[in-house]
Protein chains: 2
Amino acid sequence: MSGLPDLESLRLLVLVGELGSIGRAATELGTTQPAASKRMASLERQLRLVLVDRTRRGSRLTPAGQVVSDWARKVLDEVDGLLTGAEALRSERDAELRVAASLTVAEHLAPGWIGQLRRAEPGLYVGLQVTNSTAVLELVRSGEVDLGFVESPNLPADLSYRRVAADRLAVVVPPGHPWARRRRPVRMVELAATPLVVREPGSGTRETLEKALARAGGGPAQPLLELGSTTAVRSAVVAGVGPAVLSVLAVGADLADGRLVEVSVEDIDLRRALCAVWPGGRRLVGPAAALLDIARRAGP
Amino acid sequence: MSGLPDLESLRLLVLVGELGSIGRAATELGTTQPAASKRMASLERQLRLVLVDRTRRGSRLTPAGQVVSDWARKVLDEVDGLLTGAEALRSERDAELRVAASLTVAEHLAPGWIGQLRRAEPGLYVGLQVTNSTAVLELVRSGEVDLGFVESPNLPADLSYRRVAADRLAVVVPPGHPWARRRRPVRMVELAATPLVVREPGSGTRETLEKALARAGGGPAQPLLELGSTTAVRSAVVAGVGPAVLSVLAVGADLADGRLVEVSVEDIDLRRALCAVWPGGRRLVGPAAALLDIARRAGP
DNA sequence: TGGGGTCATAACCTCATCGCATGAGTGGGT
DNA sequence: ACCCACTCATGCGATGAGGTTATGACCCCA
């Protein structure tokens with residue numbers, strides 16, 4: 001019943017739309033025209049939709065094909081991010097530009113930034129290391145990486161830093177939860193008293209939450225369930241286990257399509273800055289400066 | 001050199017992370033453990049990364065696996081949107097809820113909304129028809145669809161409508177373009193005098209642009225190249241043909257990762273509302289009301 | 001020390017896909 | 001009027017990626 005489509009076929013569809021010919025799209029992909037023709041037919045059979053209008057001189061996308069092609073392009077963009085990120089992870093050592101990022105930045109922002117940098121300077125090898133915020137600071141200090149990205153609000157004075165993007169933690173519940181129907185914001189004390197699905201202590205998200213609760217005068221959060229990854233927490237919330245507090249970067253898509261609902265909370269500030277960090281005093285040059293520039297522009 | 005990964009393998013990776021076992025992930029996918037084991041090994045070989053930590057009792061994702069799994073989840077979310085949209089396109093006729101949407105809404109928002117509705121009411125068959133804004137209004141008026149979504153700002157009085165989301169046209173150029181380095185906004189007359197890559201006359205985007213130029217007291221746009229689809233325009237801009245004016249919904253990802261650069265323009269308002277439309281006077285009930293509600297909540 | 005887990009390996013098989021060659025239809029050039 | 005250039009679809013072997021079954025190695029716990 002599932003039947004996931006083939007990424008090659010999706011790329012072919014996009015290319016057919018751009019080039020106006022199945023054969024030309026085939027050569028662009030380094031394959032032959034009959035193979036491409038069959039792939040298209042197979043994709044159409046799978047989706048049970050007519051996607052291309054085959055005329056005797058060229059092919060055009062049908063209206064349905066246009067729309068599906070756009071959806072396919074979004075898929076391929078995400079795949080591109082995955083491949084870019086994977087390559088950066090791979091060349092962690094002996095890369096020309098070594099970057100360390102905390103999980104939130106690495107998951108949601110780093111592949112885009114690195115991809116843009118590599119489009120500007122093709123052939124540049126970027127190495128990405130993913131750890132927690134304190135480890136990132138240590139890597140920067142020891143010179144093992146040229147540039148770091150952290151979400152932690154407490155930055156030591158011996159390092160230079162610059163804010164590059166904003167993040168915000170959101171209280172999220174599944175659509176069926178009583179809080180989802182509330183019209184008034186949840187009170188801060190109510191949040192502090194409610195058992196939450198949380199990350200383990202020491203993670204950036206958990207720390208930000210605890211700190212914000214303390215700053216607002218509340219007690220520590222009540223753990224309902226403690227999980228080791230953001231996605232695990234997310235899945236637990238979607239499954240209805242209970243509310244959680246997660247980065248909007250992590251649950252943006254879920255909020256947009258309604259798998260999760262955000263609940264506003266009174267009297268509490270859950271914003272946090274995402275900062276670039278590099279060895280103190282030094283001025284960034286070369287690719288490190290370029291990446292910082294890209295990150296600054298990309299974030300609002 | 002490209003080597004696109006396999007979607008089944010990505011789903012497997014996500015599932016391994018969630019279930020903590022290759023074998024259990026395999027049964028979840030309806031396959032066998034050796035097959036899944038081989039798939040994982042193959043994915044790791046392709047990405048040249050160690051993604052899972054195989055212990056004798058279960059498997060956990062490595063840090064790299066965590067991150068890749070999150071990227072994979074994004075890919076799969078987009079694929080889910082594609083499949084949801086394709087199913088809706090397919091059941092255009094004889095669906096329980098018939099929806100028509102203009103291209104911008106259909107491309108970027110409709111799959112998410114429909115997906116959410118189908119999660120809330122499983123088994124509901126939704127039919128989606130994609131045309132231009134004026135045709136949507138006609139379909140609503142004739143009763144061929146229950147609900148329509150348009151981007152056009154001029155709504156006839158015989159239909160009920162409600163604003164559900166916002167869109168904005170952006171002037172975009174490739175990173176190398178002189179406008180990309182400008183610090184001052186481009187003057188409106190400058191924009192009107194510059195040849196642009198545009199959609200064909202009659203498309204919603206083209207009309208909004210012309211109307212905004214006229215409202216600001218400028219002449220009509222100078223077509224540099226006229227193309228039949230938003231993505232064709234986008235590709236032309238990326239390829240450096242010239243500036244274009246496109247919906248931020250269409251180029252959001254490109255702006256975020258720097259394939260395109262937005263140029264601000266003085267004295268011109270390129271915002272537009274996206275509206276739901278239904279037969280006048282009538283009150284929406286059942287799935288149509290639910291979908292409208294979802295759309296209202298999703299768009300800010 | 002045996003049983004219930006887990007994952008990896010080996011051998012075999014099936015079938016989807018590929019490439020080549022070919023057919024068929026249209027449009028433009030001569 | 002004719003033919004060439006260009007497009008896409010189809011038929012036919014051959015290849016190989018991926019699936020299943022069976023088995024082995026290892027760890028934890030009783």
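Being a predicted model, the structure only gives us computed values, none of them experimental. Just so we're on the same page: letters track the sequence lines, and every chain starts at 1.
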Residue pair Glu87(A), Arg48(B): steps toward the salt bridge (Lys or Arg N to Asp or Glu O under 4.0 Å) verdict: CA-CA 8 Å; Glu87(A) 169 165 349; Arg48(B) 282 182 289 163; over 6 Å; no
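As a whole-Å value, the separation of Arg60(B) CZ from dT6(C) C1' is 15 Å. One interatomic measurement links the two molecules: CG of Leu29(A) to P of dT17(C), which rounds to 15 Å at whole-angstrom precision. Between the P atom of dC15(C) and the CG atom of Asp6(A) lies a distance of 19 Å, rounded to the nearest Å. Distance Gln46(A) CD to dT17(C) C1': 15 Å, rounded to the nearest Å. Straight-line distance from the CZ atom of Arg39(A) to the P atom of dG19(C): 10 Å, rounded to whole Å. Summarising the geometry, the separation between CZ on Arg45(B) and C1' on dA8(C) is reported as 14 Å, rounded to the nearest angstrom. Atom-to-atom, CG of Leu19(B) to C1' of dT6(C) comes out at 14 Å; the value is rounded to the nearest Å. In this structure, Glu44(B) places its CD atom 8 Å from P of dA8(C), rounding to the nearest Å.
For the residue pair Ser9(B) and Arg39(B), a side-chain donor N or O sits within less than 3.5 Å of a side-chain acceptor on the partner. Side chains of Thr230(A) and Arg199(A): a donor on one and an acceptor on the other come within 3.5 Å. With hydrogens and angles left out, the side-chain atoms of Arg73(B) and Thr231(A) include a donor and acceptor closer than 3.5 Å.
No side-chain heavy atom of Lys74(B) sits under 4.5 Å from any side-chain heavy atom of Glu107(A). Side-chain contact check for Leu12(B) versus Val16(B): some heavy-atom pair is nearer than 4.5 Å. With a 4.5 Å cut-off on side-chain heavy atoms, Pro174(B) and Val237(B) count as touching.
Look at Ser59(B) and you'll find a side-chain N or O under 4.0 angstrom from OP1 or OP2 of dC7(C). Contact annotation: Ser37(A) side-chain N/O to dA9(D) OP1/OP2 distance is under 4.0 Å. An OP1 or OP2 oxygen of dA16(C) is reached within less than 4.0 angstrom by no side-chain nitrogen or oxygen of Ser42(A).
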Please write out the pairs of protein N or O atoms and N or O atoms of nucleotides 20-29 of chain D separated by less than 3.5 Å, giving the distance to one decimal.
| from | atom 1 | to | atom 2 | distance (Å) |
| --- | --- | --- | --- | --- |
| dT20(D) | OP2 | Thr31(B) | OG1 | 2.8 |
| dT20(D) | OP2 | Thr32(B) | N | 3.3 |
| dT20(D) | OP2 | Thr32(B) | OG1 | 2.9 |

